[in-house]
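Since the structure comes first, as structure tokens, the remarks are kept for the end.
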Amino acid sequence: MPSRLLPPDFFIDAPDRVARGLLGKLLVRKPDSPEDETTVGRIVEVEAYFGVGDAAAHACSGKTARNAVLFGPPGRAYVYLIYGMHYCLNISCEPEGIAGCVLLRALEPIAGMATMTRRRGLRNYASPRLLASGPGRLCQAMGITRADHNGLGVTDAASVLTVVEDDYLLPQIDVTPRIGIQKAAERLLRFSIQGSRFVSKG
DNA sequence: CCAAAGATCTACT
DNA sequence: GTAGATCTTTGGG
């Protein structure tokens, strides 16, 4: 499988534009140990979060210890714990100093399904739909935690977590409101691949 | 210091 | 369809 990394400047752009651009790309997670496979998933659902002016964004009221990555360089993983038990993976965008990011909400599993199944604690992968459909499931399937992956650059060849190009004809994109938020809930900043069975229900 | 909310998921009725 | 798990972060007193 050819591995064409995204150029760093791919992420120097507004969150909604980066979000659209990420659809159809592949998220690649290298193994930590010999018994792990490389796990790969096609990005089928994302949400855009701005900084100042976006009441639903973590960065909305300025830089804090938790969200510091968002104010740093673009193309870095921002990982946080939600509801005391699930992680969510975002990728920072905009130039350094400006907080913007894209939340990765769902993947279509492409490779390493046995490892994803084990990480998820499922019996079998007869139903790959449940492997990485939803931000919490996605992180669990890819073995992503805040302690290990927050701040990692996804355009570094050496990184355990990268986004790569793929020969893939992108179908129509659905544009809908973001899921699970209370504020700014009417903004149309959720983007998903139309017709994909791997998009989360929300 | 304390309280409350949170970019969720699973299990069970 | 509804509830419960579980804990960090943040903002107010």
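Below, chain A is the first sequence line, B the second, and so on; all start at residue 1.
For the pair Thr155(A) (side chain) and Pro7(A) (backbone), a donor-acceptor distance under 3.5 Å is absent. Panel note: side chain Arg105(A), backbone Glu45(A); no donor-acceptor pair is recorded below 3.5 Å. A donor-acceptor pair under 3.5 Å links the side-chain atoms of Arg178(A) to the main chain of Ala48(A), judged by distance alone. Checked by atom type and distance alone, the side chain of Glu47(A) pairs as donor or acceptor with a backbone atom of Ile179(A) at under 3.5 Å. Listed for the Ser200(A) side chain is no donor-acceptor partner under 3.5 Å among the backbone atoms of Ser133(A).
Going from atom CG of Leu70(A) over to atom P of dT9(C) covers 13 Å, rounded to whole Å. dT9(C) atom P lies 16 Å from atom OH of Tyr83(A), rounded to whole Å. Atom-to-atom, CG of Asn67(A) to P of dT8(C) comes out at 17 Å; the value is rounded to the nearest Å. The NE2 atom of His86(A) sits 15 Å away from the P atom of dT8(C) (whole-angstrom rounding).
When the nucleotides dT8(C), dT10(C), dG11(C) are ranked by their closest atom to the side chain of Ser61(A), dG11(C) comes out on top. Distances from the side chain of Thr64(A) to the nucleotides dT9(C), dT6(C), dT10(C) place dT10(C) closest. Distances were taken from every side-chain heavy atom of Leu81(A) (C-beta onward) to each of dA5(C), dT9(C), dC7(C); the shortest belongs to dC7(C).
Taking the 5' to 3' direction, DNA chain B first and last meets chain A under 4.0 angstrom from a heavy atom at dG6(B) to dT10(B).
At the heavy-atom level, Arg66(A) lies under 4.0 Å from the strands shown only through sugar-phosphate atoms. Contacts of Gln182(A) with the nucleic acid, taken as non-hydrogen atoms under 4.0 Å apart, involve only primed sugar atoms and P, OP1 or OP2. Counting non-hydrogen atoms under 4.0 angstrom, Arg120(A) reaches the backbone sugars and phosphates but no base.
Listed by first and then second residue, the ring pair (Phe, Tyr, Trp, His ring centres under 6.0 Å) pairs that reach into residues 158-202 of chain A come to none, sequence neighbours excluded.
A distance below 6.0 Å separates the ring centres of His58(A) and Tyr80(A).
DNA chain B is contacted by both Leu122(A) and Val102(A); Val102(A) maps to the nucleotide lying nearer its 5′ end (nearest heavy atom per residue). Place Arg146(A) and Met85(A) on DNA chain C by their nearest nucleotides, and Met85(A) ends up nearer the 5' end.
Counting only Watson-Crick or G-U wobble pairs whose defining distances are both under 3.5 Å, the stems of 3 or more consecutive pairs in DNA chain B are B:1-6 with C:7-12, B:8-12 with C:1-5.
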For this session: Start with the C-alpha distance between Asp54(A) and Lys183(A), add both sets of side-chain angles, then the distance that settles salt bridge (Lys or Arg N to Asp or Glu O under 4.0 Å), and finish with yes or no.
Result: CA-CA 8 Å; Asp54(A) 184 355; Lys183(A) 301 168 188 167; over 6 Å; no

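Distance check: Leu152(A) CG to Arg76(A) CZ gives 9.0 Å after rounding to the nearest 0.5 Å.
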